[in-house]
Amino acid sequence: MTNTALRDWRTCRVVESRTVTPRARRITLERPVPLGRPAAPGSHVDVRVRLGEGPLAATDIRSYSVVESDPTGTLLTLTVQLAEHSRGGSAHLHSLRVGDTVEATRPLQDFPLLAGADGYVLLAGGIGVTALVGAARALARLETDYRLVYVGRSRASMAYVDLLQAEHGPRLELHVDDEGTALDVEALVHEVAGAPGRRELLMCGPVRLMDAVRRAWQSADLSPVDLRFETFGNSGWYDAEPFEVCLPEQGVEAVVAPDQTMLEALSAAGADVMWDCRKGECGLCLMSVTDLTGRLDHRDVFLSDAQQQGGRQVCVCVARVVANAGAGPARVTLAFA
Amino acid sequence: MSDDALRERVNAKIFPHPLDTWYAVAWDHEVTHRGILARTVAGRPMALYRTEAGRPVALADACWHRLAPLSMGKLVGADEIQCPYHGLRYNPSGRCTRLPAQETLNPSASVPSYPIVERHRYLWVWPGEPARADPAAIPDMHQMDDPAWAGDGLTIEARCNYQLILDNLMDLTHEEFVHGSTLGQDELSQSEFSTRLESDDHVSVTRWMIDVAPPSFWAKNIRDRFPDFSGRVDRWQIIHYYAPSTICIDVGVAPTGTGAPEGDRSQGVNGYVMNTITPETERSSHYFWAFMRNYRLSSQQITTELRNGVKGVFGEDEVMLQAQQQAIDANPDYAFYSLNIDAGGMWVRRILDRMLAAEGALDTPRPAAPPDARALTGEPAPPVLR
């Protein structure tokens, strides 16, 4: 959606914090001023998180979908999953208790529900469900033709199953890996292609799932316009591991830690590179790969499938490199695109 | 909330406008597939067009990229609009379908698309939360396209807050002074009137003037239907306000003593003054009006004469409303004083205030946070452990 110019950072009070899965907590923030309307479906807030302990700890900004809000947009409920390689962002939020405060923006909109399609498929993978709870509720209220497909590793790891079952009944389809009901992506996309009218698929989940859907969507000859997704650029095909990056033009070499992006490592080492969205969407941080030891894990949504396969360019805000077994440390050499 | 706070809000000189509601944005014929109309509703600039199939579209008039006005662009294909600056394209849902110099579509690329419905010869848009838009809430202006009625109208770009126009239409005693040569007569401010809250979004103001000389506008109208008519009439004005900003006025005259006040209007002439006012900014409004009649339906001459006549009358209102707005702005220290003739307008203000409250637009004290936010969705909360 046309971006919200006013971010309106405020000190918000935590009015609810409780466990919803072994790794996820539901956290409700109270903004000191009402927004005047409920947070729109698909909106998120940016939260200033502390990385580490103590008053001198660095801070960074993380985005979390608004799962629900009150009618005045004063109470904003997020659901935060503890990240595997967290430097403290999600851990900081998990440590918050009722009465604590945190800095957060007003709801921002990058993933609006757009009216006008003949039907909608909402595809949620794991904690990605948080980006779709509001959209599903709005579609139900509008009495639209929709399905909510929710994929997870185990039932215990899936937040809000009971709530969604109550709100969506037979329109909710659960696919749980360890119950032997894993999602058949090809079949899902095939059904969309066979349904009458214009169908939109909105998804949020791990990159592997979203890549699989994108490929199936493309092979089914469906329009990319109708495939919409929210990505916070934080998952890939491979687990994050350390790798080396160098930018000879600026005489910069750096090691990228597992909890750090290539962009952060380059900047910390003194490189001056262009960037903007920092979630692999805009393409401003695109750089050329001139040498590579290991495999690229692109993690962006700017490059096409073919461009990623070609491996000539990467979005340094999200891309990583993983070592090939027995081939020495992973390393990438970059040049300006 | 205190009564004083309510009083202060309803007497506001610059009245805020609700967003979760339908506003007329254009006449049906103004929006086409041949070009793009730029118009601002409730502070939201919109680019309006029709698809090849004739379906109306209202998109935010600012490209997602660098906010260039889409209304300066062009229509491409069956239903898309192209930004004039870098050629980004959008479909009727506001989803970007083409970005320059890249092979993928950015997942966020889109502009807001406003719900838009064609009804009663107007296009209506909903500038607020799209999920709340219900076309059943569009006000009843059926005389606009009912075969029992004929007529036409125009648009006034009024340089004033929309509420000043509602005030104007809810109290017609001003006709004696503003429209002295056409509609005015002493009896307007001497006759009694009754103001009723018909329902939570409908107010009526009724005024009958019994056994009066018809003013020039009405003398012409009744002679259009009854060329031999002369003498005195019973004149009525029954104002119907439908929230947020539509006013349909049932007007007419019948020879006095022929039973019009009791319900027999067969010897008279009846018109409906159709008005729907759309806030553009805080200090400007799109004022769509038409004059409909239920006699001599096939006479284009009468349609044209009535439209021209009412245009002249409303031109007098336009001058007054603009001057009033300028005086309001030039006198920031002075407040309004509301008279008994303002009863209709004050009901309008109170209804609008309730609409604003319902959408959370008033700066009211917030309810305390529930102990568990699940209460917000009706989900049962577990017992609170302390």
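We name chains A, B, ... by the order of the sequence lines, and we start the count at 1 in each one. Please read these numbers as outputs of a predicted model, since none were measured by experiment.
A distance of 11.5 Å separates CG in B:L105 from CZ in A:F302, rounded to the nearest 0.5 Å. Rounded to the nearest 0.5 angstrom, A:L108 CG and B:S108 OG are separated by 11.5 Å.
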**Request:** Verify side-chain contact (heavy atoms from CB on, under 4.5 Å) between A:V301 and B:T104, making sure each step is shown before the conclusion.
**Result:** CA-CA 8 Å; A:V301 296; B:T104 51; over 6 Å; no

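Within 6.0 Å of CD in A:Q309 there are more than 12 heavy atoms belonging to other residues, nucleotides or ligands. Heavy-atom neighbours of A:R97 CZ from other residues, nucleotides or ligands within 6.0 Å: above the threshold of 12. B:E8 CD: 12 or fewer foreign heavy atoms inside a 6.0 Å radius.
No part of B:D134 comes within reach of chain A, as not one of its non-hydrogen atoms sits under 4.5 angstrom from that chain. With a 4.5 Å cut-off on non-hydrogen atoms, B:R132 touches chain A through its side chain but not through its backbone. Proximity to chain B is limited to the side chain of A:R198, based on heavy atoms less than 4.5 angstrom apart. Interface remark: A:L303 contributes backbone atoms only to the contact with chain B (heavy atom separation under 4.5 Å). With a 4.5 Å cut-off on non-hydrogen atoms, A:A166 does not touch chain B at all. The contact between A:L227 and chain B is made entirely by backbone atoms, counting heavy-atom distances below 4.5 Å.
The list of salt bridge (Lys or Arg N to Asp or Glu O under 4.0 Å) pairs with a residue in residues 48-57 of chain B, not counting sequence neighbours, reads B:R50-B:E118.
Looking only at heavy-atom pairs under 4.5 Å with chain B, the residue among A:L139, A:L142, A:V98 that has the most is A:L142.
In this structure the side chain of A:M210 never reaches within 4.5 angstrom of the side chain of B:P107, judged on heavy atoms. Using a 4.5 Å heavy-atom cutoff, the side chains of A:P112 and B:P112 are not in contact.
Among all heavy-atom pairs drawn from B:E359 and A:R37, the shortest one is OE2-NH2, 4.0 Å. Heavy atoms only, all atoms of each residue included: A:L114 and B:S93 are closest at CD2-O, 3.4 Å. The shortest non-hydrogen separation linking A:S304 to B:E103 is OG-OE1, 2.5 Å.
Listed by sequence position, B:L19, B:D20 are the residues of residues 14-28 of chain B in contact with chain A, using a 4.5 angstrom heavy-atom cutoff.
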